[in-house]
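Quick notes on the structure that follows.
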Amino acid sequence: RQDNEEPEVDADKIKQYTTSLKAKIRDLDLRNHDLEEKLRELRTQRKQKSALPLHDTDLDDIDLDDSQFEDTEDLELQRKSATKIQAAFRGHVTRKNFQKRLKKEETLKKSEDL
């Protein structure tokens with residue numbers, strides 16, 4: 001080969017290489033789309049979780065002797081009140097169980113370290 005000559009080009013190899021690159025790009029685009037969708041789902045879940053109150057609502061804080069609940073005929077108010085009480089109780093139980101689980105895991109970890 002002399003300096004003036006162009007290098008030989010194998011069109012079939014270039015075509016195979018180009019096809020391979022295009023396939024890889026499509027795969028990456030699909031993965032990117034899937035990751036973006038998962039990220040949107042996680043952000044939505046995080047927003048829903050962050051909408052919950054951050055403070056610890058104790059059952060003692062709920063005044064069940066409040067006069068607004070006495071002899072009321074308003075079923076909607078009764079339903080809303082019952083829902084609030086149930087939600088507070090469920091949150092209380094969940095936090096209590098979570099703390100127990102954390103303590104149990106810490107104990108197991110400490111025993112494994114020994």
Side-chain angles (χ1 to χ4, degrees):
R1 181 182 116 173
Q2 294 180 356
D3 291 335
N4 304 11
E5 293 180 19
E6 293 286 325
E8 289 185 32
V9 176
D10 186 355
D12 289 335
K13 284 186 179 181
I14 291 176
K15 187 176 181 181
Q16 287 175 346
Y17 184 71
T18 304
T19 304
S20 173
L21 285 177
K22 286 179 181 178
K24 289 179 181 180
I25 290 171
R26 271 193 308 273
D27 288 345
L28 289 174
D29 285 343
L30 289 173
R31 288 183 196 159
N32 188 32
H33 176 71
D34 290 344
L35 290 174
E36 287 174 353
E37 190 173 314
K38 287 180 184 178
L39 182 61
R40 276 193 295 276
E41 289 174 16
L42 290 173
R43 285 180 177 158
T44 302
Q45 290 173 0
R46 187 176 67 196
K47 284 180 185 177
Q48 290 170 348
K49 286 181 182 179
S50 67
L52 299 174
L54 297 177
H55 58 82
D56 185 26
T57 304
D58 198 1
L59 294 178
D60 297 336
D61 296 338
I62 300 172
D63 185 11
L64 298 177
D65 295 326
D66 196 343
S67 62
Q68 70 175 344
F69 299 111
E70 291 178 8
D71 300 324
T72 182
E73 294 293 324
D74 186 4
L75 291 178
E76 187 61 28
L77 178 61
Q78 289 178 3
R79 285 188 185 113
K80 286 182 181 179
S81 301
T83 301
K84 278 187 172 184
I85 292 168
Q86 291 168 357
F89 181 75
R90 286 182 187 131
H92 169 75
V93 170
T94 301
R95 287 186 294 278
K96 188 175 173 182
N97 290 338
F98 183 73
Q99 290 299 324
K100 284 181 183 179
R101 192 171 82 196
L102 283 178
K103 286 180 183 178
K104 186 176 180 180
E105 288 175 2
E106 287 176 8
T107 305
L108 287 173
K109 187 175 180 181
K110 286 180 183 178
S111 67
E112 288 174 356
D113 290 343
L114 295 177

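All values below come from the heavy atoms of this structure, side chains included, with hydrogens, waters and symmetry mates left out. Quantities reported herein were computed from a predicted structural model and do not represent experimental measurements.
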Exercise for the section: Quick one: do E105 and K109 satisfy side chain to side chain contact (heavy atoms under 4.5 Å, CB included)? Show the steps, please. Expected result: CA-CA 6 Å; E105 288 175 2; K109 187 175 180 181; over 6 Å; no

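Within the model, atoms CD of E37 and NE2 of H33 stand 5.0 Å from one another, a figure rounded to the nearest 0.5 Å. How far CZ of R26 is from NZ of K22: 8.0 Å, rounded to the nearest 0.5 Å. Residue D27 holds its CG atom at 12.5 Å from CG of N32, rounded to the nearest 0.5 Å. Summarising the geometry, atom CG belonging to L39 is positioned 9.5 Å from atom OG1 belonging to T44; distances are rounded to the nearest 0.5 Å.
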Donor-acceptor pairs under 3.5 angstrom involving side-chain atoms of residues 97-104: please list them, not counting sequence neighbours.
from : atom 1 : to  : atom 2 : distance (Å)
N97  : ND2    : V93 : O      : 3.4

Name the atoms and distances for all side-chain donor-acceptor pairs under 3.5 Å in residues 12-20, with sequence neighbours left out.
from : atom 1 : to  : atom 2 : distance (Å)
T18  : OG1    : I14 : O      : 2.7
T19  : OG1    : K15 : O      : 2.8

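Hydrophobic cluster membership for L108: none, as no Ile, Leu, Val, Met, Phe, Trp or Tyr side chain comes under 4.5 Å of it.
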